[in-house]
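Nothing here was measured: the structure is a model prediction, and the numbers come from that model. A, B, ... follow the sequence lines: proteins, then strands. Residue 1 opens every chain.
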Protein chains: 2
Amino acid sequence: MERRRQARGERRMAEILDAAADAFAELGYEKASTNAIAARAGISPGSLYQFFPGKEAVARALADRFVADMASAHAAAFGEADVAAMDLGELLDRVVDPLVAFNLANPGFKALFARPDMPSALAESSQPIQAAMLGQVEAILGARVPGLAPADRARSARVLVRIFQAMTPLVTAAPDEERPAEIAELKKVLGGYLTSLGG
Amino acid sequence: MERRRQARGERRMAEILDAAADAFAELGYEKASTNAIAARAGISPGSLYQFFPGKEAVARALADRFVADMASAHAAAFGEADVAAMDLGELLDRVVDPLVAFNLANPGFKALFARPDMPSALAESSQPIQAAMLGQVEAILGARVPGLAPADRARSARVLVRIFQAMTPLVTAAPDEERPAEIAELKKVLGGYLTSLGG
DNA sequence: GATTTTTGCGAGCAATCGCTCGCGTTTGAA
DNA sequence: TTCAAACGCGAGCGATTGCTCGCAAAAATC
């Protein structure tokens, strides 16, 4: 059911996603109404539905855009580094710092990501993000703890992503002068767990 | 503005809290409407408002009841044990196992507790729970890592509670046969962090 | 220039939300 | 036995939700 888009329309879609990120960041997912998103984008509710069939589709498209942005940030941070041989502290820096920066630069991100108890609609919308994060973490885990059985590796990846999800609000909500300390704690938690896995 | 209650009324209030716990567990905090809570309690919406001025008050009362139940469970699990001298593994067992059991026995609990991004209304409602947990963890932390500055101790307590919040859904949602493995991971995370603190 | 498709609007729909209010019944103290 | 207070009901309030629909302007296609 693809539909022919004009350049103007593509621009509108990007504006809608920007507005949605704003609204999610400020109001949270549930309270960010489609009318509110449309108002922030400077368009009418009807126009929003020309581009997205509903709020969930907006969220999913926003999640896809976040994943794309994150993937390039991740690629830039790692380049061709050897994950297996890297010092644990350096590994954590390379993974955590860009992700924290990404969260600070995209306040709407955590509304789609940092929620242990997602409503089913939101869970489906944010699934691309979850899948992307889990994949990257599993790859790192496979390189650093080769002895780990696949089921255990999957479980440990879930744990690591969960920890990051949970602590992200703590980091982003902290005042600037305390943020480094919060980031240090996050790295302690992740590092402590990785160490106990043997990585 | 206290109001004289009959025994019948007190019973109703307990029934309403039971129904609210049910509704929170099944629908989540936001989608658990006062009408839905009243229906589950077998009463009319109007009757609910005879006992609670609103949804937030119901949540707060439920939180208070959870805190009371938890406190007695905690007391039973610790008795007069020496927290400072205890083996780390035993400490984790004594803290984690009863809390996990409590979460399994009270499915509504996590709706008021396991949410990193609480709406302000909910944050206020669940504040008693947060405060109680933080207090207990800070006490343990003070006994085991006496060298920790007060600000660092407070921060570490927040981190530990956060980790527990985040991983609780992973543990409770797991099928019975995988739950022990998830609990083990939770203990690894907490233990790894405590170790890196020097405790 | 004619036609089709895309873009745009905004009043307003049905459903749901938290909550109120009028009125009847039950209860317990006097 | 009396009577004020507590309990209970449920229709329905005003507001908000996600979303629709008829219709007009703009752009792409012919």
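Within residues 6-13 of chain B, the residues that have a heavy atom under 4.0 Å from DNA chain D are, in order of number, Gln6(B), Arg8(B), Gly9(B), Arg12(B). In the region residues 50-63 of chain B, proximity to DNA chain D at under 4.0 angstrom, judged on heavy atoms, holds for Gln50(B), Phe51(B).
Axis angle between the ends of the helix from dG1(C)-dC30(D) to dA30(C)-dT1(D), five pairs each and rounded to 10 degrees, works out to 10°.
Annotation: salt bridge (Lys or Arg N to Asp or Glu O under 4.0 Å) contacts involving residues 64-78 of chain A, sequence neighbours excluded, comprise Asp18(A)-Arg65(A).
Remark: Ala68(A) pairs with no residue by the side chain to side chain contact (heavy atoms under 4.5 Å, CB included) rule, at least two apart or across chains. Evaluation of the salt bridge (charged side-chain N to carboxylate O under 4.0 Å, His left out) rule for Lys55(A) yields no partner, not counting sequence neighbours. When the salt bridge (charged side-chain N to carboxylate O under 4.0 Å, His left out) test is applied to Arg179(B), the partners found at least two apart in sequence or on another chain are Asp176(B). Considering only residues two or more places apart in sequence or on other chains, Tyr193(B) meets the ring pair (Phe, Tyr, Trp, His ring centres under 6.0 Å) condition with none of them. Considering only residues two or more places apart in sequence or on other chains, Arg94(A) meets the salt bridge (charged side-chain N to carboxylate O under 4.0 Å, His left out) condition with Glu90(A). Partners of Phe164(B) by ring pair (Phe, Tyr, Trp, His ring centres under 6.0 Å), not counting sequence neighbours: none found. Residues forming a side chain to side chain contact (heavy atoms under 4.5 Å, CB included) with Glu138(B) (at least two apart in sequence, or on another chain): Arg153(B), Ala154(B), Ala157(B).
If you walk DNA chain D from 5' to 3' and mark each nucleotide with an atom closer than 4.0 Å to a heavy atom of chain A, the marks span dT17(D) to dT29(D).
Base engagement by Ser47(A) is indicated by at least one non-hydrogen atom pair under 4.0 Å involving a base atom.
Within 6.0 Å of the CD atom in Glu56(B), the count of heavy atoms belonging to other residues, nucleotides or ligands exceeds 12.
Listed pair Thr34(B) / dC19(C) fails the phosphate criterion, with no side-chain N or O lying under 4.0 Å from OP1 or OP2.
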